[in-house]
A.B. asks: 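Once you've had a glance at the structure underneath, I'll fire off some questions.
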Amino acid sequence: MRKPLTPRRAARLHYCMAAVWALLLIPTLLIWKDSVTWVAFMSLYANGAAHLSAAKASRAEQEAEK
């Protein structure tokens, strides 16, 4: 059986995923420059921002439990 996702673990997950999205920005701009770069960048930004927002919400939930 899986452990429940505590606010602390959820925050870590979202910070890690935001870092992954940030790292994907490099190949998006360098390797895939013949693609629709602006749309790709905005998609990466939106996913990263969503994960950072979720991490902040998880931290707030963790603080509320204390």
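Just so it is clear, the structure is predicted and the values come from calculations on it, not from any experiment.
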A.B. asks: Indicate, with yes or no, if V20 and L13 share a hydrophobic cluster defined by side-chain heavy-atom contacts under 4.5 Å among Ile, Leu, Val, Met, Phe, Trp and Tyr.
C.D. replies: yes
A.B. asks: How long is the span from the CZ atom in R12 to the CZ atom in R59, to the nearest 0.5 Å?
C.D. replies: 7.5 Å
A.B. asks: Please check if the number of heavy atoms outside R8 that lie under 6.0 Å from its CZ is greater than 12.
C.D. replies: no
A.B. asks: Spell out, yes or no, whether Y15 and W21 are grouped together once hydrophobic residues are joined by side-chain heavy atoms under 4.5 Å, including indirect joins.
C.D. replies: no
A.B. asks: Mind checking the CG-CG spacing from N47 to L52? Nearest 0.5 Å is all I need.
C.D. replies: 11.0 Å
A.B. asks: Using the side-chain hydrogen bond (donor to acceptor under 3.5 Å, both in side chains) rule, pick out the option among K56, H51, R9 that qualifies with H14.
C.D. replies: H51
A.B. asks: What closest approach, in Å, do G48 and A18 show between heavy atoms, and which atom pair accounts for it?
C.D. replies: O-CB, 4.0 Å
A.B. asks: Nearest heavy-atom pair of L25 and L44: which atoms, and what distance?
C.D. replies: CA-CD1, 3.7 Å
